[in-house]
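Model, not experiment: these values are computed from the prediction.
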Amino acid sequence: MRSVAYLPAGRRSRGRPLPALIAVLALLLAALAAQAGVASRAAAASCGTTDLALNRPATASSLENSSFPASNAVDGNTGTRWSSAFADPQWLQVDLGSTQTVCQVVLNWETASGKAYQIQTSNDATNWTTVYSTTSGPGGTETLNVSGSGRYIRMYGTQRNTQWGYSLWEFSVYGSGSGGGTPPPPTGGSLGSNVIVFDPSMSQSSIQSQLNSIANAQGGNEFGTARYAILFKPGTYGSTANPLIFSVGFYESVAGLGKNPGDTVINGTVDVYNQCNGGVQTQCYATTNFWRSLTNLTVNVTGMTGCYAGDDFWAVSQAAPLRRVHINGNLSLMDYCTGSPDWASGGFVADSQFTGGTVTNGSQQQFFTRNSSLDGWSNAVWNQVFCGDPGAPAQSFASNSGDSGGPNSYTTLATCPVTREAPYLYLDSGGNYQVFVPSTQTNSSGPTWLNGGTPGVSLPLSTFFVVQPSATTDQINAALAAGDNLLFTPGVYQAPSTINVTNPDTKIVGLGFPTLVPSNGNTTLNIADVDGVNVTGVIFDAGPVNSSTLVTVGTAGSGVSHAADPVTLDDVFFRIGGATAGSATTALVDNSNNSLIDDAWIWRADHGAGAGGWTGDQSDTGLVVNGNNVLATGLAVEHFQKNETVWNGQGGEVVFFQNENPYEVPNQASWMSSSTQKGYPALYVAPGVTSFQGYGMGSYSYFDQGQDIHSSMAFQAPNNAGVQFHDLLTVFLNGSGGIDSVINGTGAAVSSTFGGPSDVVSYP
């Protein structure tokens, strides 16, 4: 309990004397009223238990001052509040993100409460319907049973109980689509039919047969719905005399079930090869080898013959991580055996060890390697970045890297600033499933597991709701509200309403690339401004109705530090189109201070459903970062129609960035940042930002409409000493037009005359 000296400054500024005893009583009464409100919600069997307004965008008619913004009333914190000017009428409005059926509103008033007010809903924030009205509001905590629907809801006040304004600690909204009285589902249970678990006691022929069958089905299944998690129990599979050799197709996550990579050993190879259009050997490349993974096992490379002898091939581009693997032998990141031109375009390795050979980068245009022990690296093309990798090549990025006769374009950081490895499933000594959650590391180098086990904690499967594709959003939200974690099994999930994470340290783990699609223009996943949430191994697709965001993390403007226990997004992938024609204004909005984004591909599709035209798969921006001290490692954002990445937060850092401009811009007039600036930057650091660091960042152009399309600059940032960039480049891939400068007018243009790379070693 607080004395008057600790009351919010805004309350004192009004000159409202309040003795300490009255303050204490008021707080106690508010707490009792809040408990009554909770009890009332629980008793309303027809109404949900998830606050639809929590952390949603809020606006107001006025503010008492900047200390009391509208967002305070929907942040879940009863110690912060919105407060209006001292006049009538006033309103507080919340955008619920999609049309919701509303059945209850809870107003938690501060002393400055409303006497006469209405609760109103709207589908367009212009035409309002009154669902509740009173002229005798008592203040305190009011639980209002209402009946109505709309995307927007507001409190519209016309008369106050005091001479001050309207002031709400919290404005909470509940609906039949927010849990609907759904009890929390059981935890644990079956992982489903598309989680394939192999045991070393099984015959190798049966294992090989099933792996081949899945690989054949998934090899060309780029935009299909089938997904698989392929799990190997601890033990040894294959031998030098009889190796286990298999390839990994789309939507296959392959993992060992041991606590550490050495617990599961494959003698053989686990491969990804080129795809050849129509089987033509001069049209073979790895540039669309997406959405697959290999984690938590050891591969002793053996068994192949001919051109393939002696190598494990992992010829991939984006969204195909290698994590926690030990490759003993040669690893090639390109497929130089299956025809030409053998292109590959980006990849991600973390927390891994390579021994007994070397890593062949080959044609990989860009690649990011983090916290891995290397036994060699063959070459660079345009942008190869290393962060905390013993054995990595020395820093050698120069003004002519990638050009004829120039040095390799290596960006090498001795340590990685902050890391937190992705959670993973394993079997304990009793044969029970656990999810291991690694701890946060700072200034780290090398794999977490080489010198003893990875630091962290284990969570039993009984703490997880094991989500099957048949699960409803109501069930998912009921599980989250009950404090459960989520383990998504392989499949495509329709999300007609927002999945709301409100509890700290919630873990959301995907097996087999589960894919979530919003069906009503809603945000798919909203994470409150809390500590320690992990989201890993999930694809977020845009749906047929435009969503303002697909994922929102934290609360805009929050001053809360999460440095001790950051929110982490690992191997999270976003698609606007491709598999499903769709649209979203922004794919990911990250408001959470100190959050970590580790291996994210945010993609407006250049092929597939809805793609290929400027009016298809509409989306302005891939990523907006509003949080302070956010770190992104291994970030790719591609083809969005305006500023592709917007960085508003202070103290941000990006280690490796890859971008392609949108292909299908119809004319220059339709793609202008301003009347004088052509196009939009791949990464825009807002003018008010005074501290930012970027390392190893590339942007490429391919305007394919035959028009002379230009981007004035690939990167745009304020010119001050605290905003620094290291090792930037642009490349003209093909088509017409080009990029006129690398950053803020600095750096040579790339076009059909000079394809690049155009390199800037440091800026400013």
Side-chain angles (χ1 to χ4, degrees), residues 290-291 317-319 345-346 348 366 368 515-518 523-525 535 538-543 546-553 569-592 595-608 610-611 614 616-627 630-649 652 654 656-665 671 673 679-686 694 697-702 711 713-717:
F290 313 135
W291 308 306
S317 291
Q318 296 86 355
S345 180
F348 177 92
Q366 59 278 314
F368 179 62
T515 304
L516 278 60
V517 188
T523 294
T524 304
L525 178 67
V535 182
V538 181
I539 300 173
F540 295 94
D541 277 357
N546 185 73
S547 297
S548 58
T549 67
L550 298 181
V551 174
T552 299
V553 184
L569 308 179
D570 309 292
D571 302 337
V572 289
F573 310 122
F574 297 80
R575 303 188 298 199
I576 314 295
T580 301
S583 61
T585 305
T586 304
L588 170 62
V589 175
D590 186 358
N591 301 312
S592 181
S595 56
L596 305 175
I597 303 172
D598 187 46
D599 187 30
W601 184 37
I602 306 173
W603 183 56
R604 177 176 169 265
D606 56 77
H607 62 285
W614 190 241
D617 294 336
Q618 295 283 285
S619 191
D620 289 348
T621 301
L623 170 65
V624 174
V625 175
N626 296 317
V630 173
L631 171 64
T633 47
L635 175 62
V637 182
E638 300 191 281
H639 308 309
F640 287 84
Q641 295 175 292
K642 292 186 178 178
N643 295 329
E644 302 206 40
T645 306
V646 176
W647 208 285
N648 296 315
V654 176
F656 181 88
F657 177 82
Q658 188 251 326
N659 165 264
E660 285 184 1
N661 292 158
Y663 292 170
E664 73 282 34
V665 182
W671 199 54
S673 297
Y680 291 86
L683 187 140
Y684 174 81
V685 180
M697 307 178 76
S699 178
Y700 317 141
S701 77
Y702 172 32
S711 173
M713 61 196 72
F715 301 93
Q716 187 172 356

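Side-chain contact check for S711 versus W671: some heavy-atom pair is nearer than 4.5 Å. Between S592 and V630 there is no side-chain heavy-atom pair separated by less than 4.5 Å. Residues L596 and T633 have side chains not in contact (no heavy-atom distance under 4.5 Å, counting atoms from C-beta outward). Using a 4.5 Å heavy-atom threshold, the side chains of P681 and F715 count as separate. Residues L635 and L623 meet the side-chain proximity criterion, which asks for heavy atoms closer than 4.5 Å. Side-chain contact check for Y702 versus D606: every heavy-atom pair is 4.5 Å or farther apart.
In this structure a side-chain-to-backbone donor-acceptor pair under 3.5 Å is missing from D599 to D570.
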**Request:** Assess whether side chain to side chain donor-acceptor pair (under 3.5 Å) is satisfied between T549 and T523, documenting all intermediate values.
**Result:** CA-CA 5 Å; T549 67; T523 294; 2.9 Å; yes
**Request:** Give the C-alpha distance, both sets of side-chain angles, the deciding distance and a yes or no for side chain to side chain contact (heavy atoms under 4.5 Å, CB included) between L516 and L525.
**Result:** CA-CA 9 Å; L516 278 60; L525 178 67; 5.8 Å; no
**Asked** Stepwise, does the side chain to side chain contact (heavy atoms under 4.5 Å, CB included) test hold for V551 with V572?
**Response** CA-CA 10 Å; V551 174; V572 289; over 6 Å; no
**Asked** Can you list the steps and then say if F348 with W601 is a ring pair (Phe, Tyr, Trp, His ring centres under 6.0 Å)?
**Response** CA-CA 11 Å; F348 177 92; W601 184 37; over 10 Å; no
**Prompt:** Run the side chain to side chain contact (heavy atoms under 4.5 Å, CB included) check on W603 and F573 step by step: do they pass?
**Reply:** CA-CA 8 Å; W603 183 56; F573 310 122; over 6 Å; no
**Message:** The test is side chain to side chain contact (heavy atoms under 4.5 Å, CB included); show your working for F657 and T645 and say whether it passes.
**Reply:** CA-CA 10 Å; F657 177 82; T645 306; 3.6 Å; yes
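Nearest heavy-atom pair, I602 versus F640, reported as atom, atom and distance to 0.1 Å: O-CE1, 3.3 Å. In this structure, N643 and S673 approach most closely via the heavy-atom pair OD1-OG, 4.5 Å. Listed here is the closest heavy atom pair of V654 and F656: CG1-O, 3.6 Å. Taking both residues in full, the closest heavy atoms of S317 and F290 are given as CB-CE2, 3.9 Å, listed atom of the first, atom of the second, then distance. Minimum interatomic distance between R604 and P662 (heavy atoms only, all atoms of both residues): NH1-CB, 4.2 Å. Closest heavy-atom contact between S619 and Q641: N-OE1, 2.8 Å.
Here the straight-line distance linking atom CG of N591 with atom CG of N648 works out to 9.5 Å at 0.5 Å rounding. We find the CG-OH distance between D620 and Y680 to be 8.0 Å, quoted to the nearest 0.5 Å. Taken to the nearest 0.5 Å, the CG atom of L550 stands 9.5 Å off from the OG1 atom of T585. Here the CD1 atom belonging to I539 is positioned 10.5 Å from the CG atom belonging to D571, to the nearest 0.5 angstrom.
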Considering only distance and modelled atom types, tabulate donor-acceptor pairs under 3.5 Å from the side chains of residues 574-583, sequence neighbours left out.
| unit_1 | atom_1 | unit_2 | atom_2 | d |
| --- | --- | --- | --- | --- |
| R575 | NE | D541 | OD1 | 2.7 |
| R575 | NH1 | Y251 | OH | 2.9 |
| R575 | NH2 | D541 | OD1 | 3.4 |
| R575 | NH2 | D541 | OD2 | 3.0 |
| S583 | OG | N546 | OD1 | 3.3 |

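For E660, the side chain to side chain contact (heavy atoms under 4.5 Å, CB included) test picks out E638, H639, Q658, Y663, Y700, L733, with sequence neighbours left out.
Residues Q366 and S345 bring a donor and an acceptor atom of their side chains to less than 3.5 Å of each other.
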